[in-house]
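This structure is a prediction, so every number in the text was calculated from the model and none was measured. Chain letters run A, B, ... following the sequence lines, proteins first and then strands; every chain starts at 1.
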Amino acid sequence: MRLQNSIELKEPFSLAQTLECGQIFRVFKRNDYYIVPYKGSVLKLAQHRNMLSYEVFGKEVSKTELGNFLGITHSISEINQYLLNRDKRILPFLDYVKGLRIIKMEPYEAAISFIFSIQSSIKLISKRLNILSEIAGRPFKVDDEIIFLFPTSKELGKLSNRDISLLRLGFREKFFREFIEKYSEKDFEKITSKSFEEKEKFLLSIRGVGKKVAHCILLFGFGELSAFPVDVWIKRALECYFGISGSPKKLTEEGRAIFGKFSGYAQEYIYAYIRVFNS
DNA sequence: TGACAGGAAAATA
DNA sequence: TATTTTCCTGTC
């Protein structure tokens, strides 16, 4: 399907890889396009070779903003060259996942998404985020279907404990209730201009957020491309392919020391590669 | 149906 | 301070 507006892609870009690699969880795949709720709008996205076409429903989203959201503005040849210079062993990973970009979503939404990700599969994370959007978010008509926007902190504040129990967060439910009560979009907006370390410190101060989730929020919510989230998969890959081991906390620092300012891309390349070859 | 996957907090050394 | 145990749900 060719949609109304388009962006010409100058470097390798894969919409499918970018939307399906597990960095964003509310993506609805249709036959020949994707539906993605984004801020106060709903996007329809499709790709044909080096052409990305799109349509915006609701509040206008500029071409530049869409480019930022999808990581199209990242200079991938520069990033890849940088990573190769840091450590040549990244080559097979980077070669395999050509076109994967790192998304830049809203920090508040990213925080909730990755709090839900703890000890959960991608499928379960999506399910929880969709339930949350359906019970608290604004419905939006796109063609002949209803898509729910991600709820605002104000909308989440109206939820009852019974609503929240639908998410089946188990003993972590209290952390999420505390999160809704304590934080709003503003708390995340006001730290965007602060340093990496200060952002990390703030995120780690949230109950239920540890090193891994903090780095996911830094990477996908704040666009901090030097973040390096270490989950069990990355831990295994670092041991197997790079010969380094230790606690996930320690591996985050080691990964950052190896891959520098684009550690996040290295992490995503490794993650996408290892997940494909282990399922 | 019992084993297993998954990350942070709490407990322990 | 660093390591181990516990917590819960979904999947097969």
In whole Å, what is the span from the [atom1] atom of [X] to the [atom2] atom of [N]?
X       : N      : atom1 : atom2 : value
K127(A) : dG6(B) : NZ    : P     : 18 Å
I217(A) : dG7(B) : CD1   : P     : 14 Å
I122(A) : dG7(B) : CD1   : P     : 11 Å

List the residues meeting side chain to side chain donor-acceptor pair (under 3.5 Å) with [X], not counting sequence neighbours, and say none if there are none.
X       : value
E189(A) : none
Y54(A)  : none
S193(A) : none
E134(A) : none

Solution key, residues 106-113 of chain A side-chain donor-acceptor pairs under 3.5 Å, sequence neighbours excluded:
from	atom 1	to	atom 2	distance (Å)
S113(A)	OG	E109(A)	O	2.7

> Other than F171(A), which residues form its hydrophobic cluster under the rule that side-chain heavy atoms must be closer than 4.5 Å?
Replying inline: none
>> Is the shortest side-chain heavy-atom distance between L66(A) and V56(A) below 4.5 Å?
In response: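 A side-chain contact is absent here, since even the closest heavy-atom pair is not under 4.5 Å.
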> Angle, rounded to 10°, between the helical axes spanning five pairs at each terminus of the helix from dG2(B)-dC12(C) to dA13(B)-dT1(C)?
Replying inline: 30°
> Could you give the start and end, 5' to 3', of the contact zone on DNA chain C for chain A, using atoms under 4.0 Å from its heavy atoms?
Replying inline: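 Reading along DNA chain C, I get dC7(C) to dT11(C).
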> Would you say R236(A) reaches dA5(B)'s phosphate, i.e. side-chain N/O to OP1/OP2 under 4.0 Å?
Replying inline: no
>> Whether W233(A) contacts dG6(B) is assessed here as follows: a side-chain N or O lying under 4.0 Å from the phosphate OP1 or OP2. Is that the case?
In response: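 Checking dG6(B) against W233(A), a side-chain N or O does come within under 4.0 Å of OP1 or OP2.
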> How would you list, by chain and number, every residue that makes a side chain to side chain contact (heavy atoms under 4.5 Å, CB included) with Y96(A), sequence neighbours excluded?
Replying inline: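 Applying side chain to side chain contact (heavy atoms under 4.5 Å, CB included) to Y96(A) gives Y273(A), V276(A), F277(A).
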> Going by the ring pair (Phe, Tyr, Trp, His ring centres under 6.0 Å) test, which pairs reach into residues 18-45 of chain A, not counting sequence neighbours?
Replying inline: F25(A)-F114(A), Y38(A)-F69(A)
> Pairs in or reaching into residues 72-92 of chain A: which pass salt bridge (charged side-chain N to carboxylate O under 4.0 Å, His left out), with residues at least two apart or in two chains?
Replying inline: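 Pairs touching residues 72-92 of chain A that pass the test: D87(A)-R89(A).
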>> Generate the contact string for nucleotides 8-13 of chain B. Rules: B means base contact, S means sugar-phosphate contact only, - means no protein heavy atom under 4.0 Å.
In response: SSS---
